[in-house]
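Quick notes on the structure that follows.
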Amino acid sequence: MSETVVDLVPTSQSASPAEFASYRVSIDLGDRSYGIEIGAGLLGLLQEGLELPSGTSALVVTNDTVGPLYGAQVVEALRKRYPVVHTVQLPDGEEFKGWETLQRIFDALLTHGCDRKAVLFALGGGVIGDMTGFAAATYMRGVPFVQIPTTLLAQVDSSVGGKTAINHPLGKNMVGAFYQPRLVVCDLATLDTLSPREMSAGLAEVLKYGPIADMEFMQWLESSIDALRSRDRAALAHAVRRSCEIKAWVVSQDEREGGLRAILNFGHTFGHAIEAGMGYGVWLHGEGVGAGMVMAAELSRRLGLVDGAFVQRLITLIERAGLPIRGPVLDATDNAGRYLELMRIDKKSEAGEIRFVLIDGPGKAIVRAAPDQLVRDVIDACCA
Ligand code: NAD
Ligand code: GLY
C-alpha cells in the first residue's frame with residue numbers, strides 16, 4: 001500500500017486574538033502570489049483602499065440570497081473603480097453548481113461584451129466562489145478574479161488556494177481547474193446574516209486544521225467554540241486568520257495537490273460520499289465533513305495511528321460546533337458498500353484504490369489506503 005506521510009509544522013504568525021483589528025495573510029506562489037484581507041467592514045474598502053486588478057469592466061457574480069444583501073454595496077463601490085460594472089445573480093444552492101448555471105456566467109459576459117480585460121468578482125459562499133473561479137479560468141482562456149467570500153466556510157477554505165470546480169451528477173467537484181484569485185476579501189461583518197446551520201458547517205473546515213496541523217489551534221478552538229458560534233468578532237478573526245495561514249502554507253508547498261495538499265481533505269472522502277449519496281444540498285458540505293472527520297479519525301484509531309482519547313476529544317469538539325457526528329444511512333441493504341462505491345470516485349483515488357486522510361498522531365496527517373473490511377467496519381460503527 002503506497003502512502004504519503006505528512007509531518008507538518010506550520011509557522012504561526014498569529015498574535016493574540018485580543019489584538020485584532022484587521023489582518024492580511026499572504027499566499028506565496030511566485031508571480032501568482034496574493035493577499036487575503038480579513039476584517040469587519042472590508043466591503044466598504046472596495047471603492048478605495050484595497051488593491052484590485054485593473055480592467056475594462058467588472059462582473060459581480062452572486063446568488064439570489066447574497067445579492068439582495070450585499071450586491072448593491074459591492075456594485076456601487078466597484079463603479080468607482082471600473083468603467084462599467086455588471087451583475088449576474090444565480091440560483092442559490094449546491095444543486096445548481098453545474099454546467100447550466102456556469103453557462104449563465106458566460107452568457108452575461110458575452111451579452112455585455114466583456115473582453116479579456118474583464119474582472120470577475122465572486123460574492124457569496126463556496127458555491128459561487130468555485131463557479132466564478134472556473135468561469136474566470138476559462139473565459140477567453142483566463143481573466144482575473146477576486147474572491148469576496150461571505151460564508152465562514154468560504155473565508156477559511158474555499159476562497160483560498162485556487163481550486164475551482166462544478167459538480168457532475170456522478171461526483172463532486174469533478175470538473176474544474178486550478179486558478180488563483182488576485183485577492184481575497186473576507187469581510188467578517190457579512191457573517192452576521194449567516195444562518196446558525198451554515199455557521200456550524202463553516203466551523204467544520206476550521207476544526208480540520210487542528211488535528212491535521214496545529215494542536216495549539218485545536219486547543220484554542222476547544223476554549224473558543226462557543227464564542228465562534230455566537231460570532232464574536234475577535235474570535236472569528238483569529239479563526240479565519242489561522243485557518244488561512246495554515247492553508248496558505250500548505251498551498252504554497254503543493255499548489256496542485258501532488259501530495260501534501262491532500263491533507264486539507266481530512267474528513268472529505270467520507271463527506272463527499274455523504275453529499276453525493278444524499279443528493280447535493282441535502283447535507284451541507286460542512287456537515288458531511290463533520291461526520292466524515294469522525295469516520296476518518298475512527299479509521300485512524302483502528303489502524304493504530306491515534307488513540308481513542310484523541311478521537312473522543314475530536315468528536316466532542318465537532319459536536320459542540322453543532323455538527324453531525326454520525327453519517328447517514330445511504331443504502332438500507334448495503335450501506336458500507338454504497339459508501340465505498342461513492343468514495344472510489346474521489347479525486348484522491350488511484351487505480352480504484354481509495355486514499356484516506358488519516359490522523360497520524362495529534363496534529364499530523366497521513367494520506368494512505370486502508371483495507372476495505374476495516375473501512376466497512378468503521379462505516380457500520382459510525383452511521384446512524
Ligand atoms: P454555499 O455557497 O452554498 O453557501 C451556503 C448558504 O449560505 C447559501 O444558501 C448561500 O446563499 C448563503 N449565504 C452565503 N453568504 C451568506 C451571508 N453572508 N448571509 C446569509 N446567507 C449567506 O456553501 P459554502 O458552505 O459556502 O460552500 C460550500 C461549497 O464550497 C461546496 O460546493 C464545496 O465543494 C466548496 N468548497 C470548495 C473548496 C475549495 O477549495 N475550492 C473548499 C471547501 C469547499
Ligand atoms: N479544500 C481543500 C483544498 O483546497 O485543497
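Residue numbers start at 1 and run along the sequence shown. All ligand and atom numbering here is 1-based and tracks the order in the structure.
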Quick check on E275 - does any of its heavy atoms sit under 4.0 Å from an atom of ligand 1? no
Please confirm whether K247 approaches ligand 1 to less than 4.0 Å, judged on its heavy atoms. yes
State whether the side chain of [X] and the backbone N or O of [Y] hold a donor-acceptor pair below 3.5 Å, judged by distance alone.
{"X": "D254", "Y": "G259", "value": "yes"}
{"X": "R376", "Y": "L340", "value": "no"}
{"X": "S195", "Y": "E198", "value": "yes"}
{"X": "T132", "Y": "G129", "value": "no"}
{"X": "T269", "Y": "F356", "value": "no"}

Using 30° and 60° as the class boundaries, would you call the ring planes of H238 and F217 parallel, tilted or perpendicular?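 Perpendicular: the ring planes of H238 and F217 meet at over 60°.
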Would you call the rings of F134 and W99 parallel, tilted or perpendicular, taking 30° and 60° as the class edges? tilted
State yes or no: are the ring centers of Y82 and F121 separated by less than 6.0 Å?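 For Y82 and F121, the ring centres are under 6.0 Å apart.
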Which atoms from ligand 1 have a heavy atom of [X] less than 4.0 Å away?
{"X": "K97", "answer": "31 (C), 32 (O), 33 (C), 34 (O), 35 (C)"}
{"X": "N173", "answer": "34 (O)"}
{"X": "E205", "answer": "43 (C)"}
{"X": "T190", "answer": "17 (C), 18 (N)"}
{"X": "L69", "answer": "19 (N), 20 (C)"}

Structural part of [X] in contact with ligand 1, heavy atom criterion under 4.0 angstrom:
{"X": "L191", "answer": "neither"}
{"X": "K163", "answer": "both"}
{"X": "V160", "answer": "neither"}
{"X": "N167", "answer": "neither"}
{"X": "D130", "answer": "side chain"}

Polar side chain donor-acceptor pair, H268 to E275, under 3.5 angstrom: no
Between K80 and E48, is the closest basic N to carboxylate O distance under 4.0 Å? no
Taking 4.0 angstrom as the limit, do D192 and R231 come out as a salt bridge? no
Considering heavy atoms of the protein only, find what lies nearest to [atom] and give residue, atom and distance to 0.1 Å.
{"atom": "atom 4 (O) of ligand 2", "answer": "K247 NZ, 2.6 Å"}
{"atom": "atom 31 (C) of ligand 1", "answer": "E94 OE1, 3.1 Å"}
{"atom": "atom 23 (O) of ligand 1", "answer": "G126 N, 4.0 Å"}
{"atom": "atom 8 (C) of ligand 1", "answer": "D92 OD1, 3.3 Å"}
{"atom": "atom 14 (C) of ligand 1", "answer": "T151 CG2, 3.2 Å"}
{"atom": "atom 33 (C) of ligand 1", "answer": "K172 NZ, 3.6 Å"}
{"atom": "atom 1 (P) of ligand 1", "answer": "V127 CG2, 3.9 Å"}
{"atom": "atom 19 (N) of ligand 1", "answer": "T193 OG1, 2.7 Å"}
{"atom": "atom 22 (C) of ligand 1", "answer": "L194 CD1, 3.5 Å"}

Run the side-chain contact (heavy atoms from CB on, under 4.5 Å) test on L264 and K208 for me, step by step, so that the C-alpha distance in whole Å, both residues' side-chain angles and the decisive distance to 0.1 Å come before the verdict. CA-CA 8 Å; L264 299 174; K208 76 176 178 195; 4.2 Å; yes
Of G286, S158, G67, G288, the one whose closest heavy atom lies nearest atom 38 (C) of ligand 1 is S158
Counting heavy atoms only, which of V250, D157, L264 comes nearest to atom 1 (N) of ligand 2?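 The option holding the nearest heavy atom is D157.
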Can you check whether H268 has an N/O within less than 3.5 Å of an N/O in ligand 1?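 There is no such contact.
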Residues Y23, I36; criterion side-chain contact (heavy atoms from CB on, under 4.5 Å); working and verdict: CA-CA 8 Å; Y23 298 137; I36 304 157; over 6 Å; no
Please step through salt bridge (Lys or Arg N to Asp or Glu O under 4.0 Å) for the pair R344 and D372, ending with a clear verdict. CA-CA 11 Å; R344 281 191 217 290; D372 270 8; 3.1 Å; yes
Please check whether N265 reaches ligand 2 - meaning an N/O of the residue sits under 3.5 Å from an N/O of the ligand, judged on distance alone. no
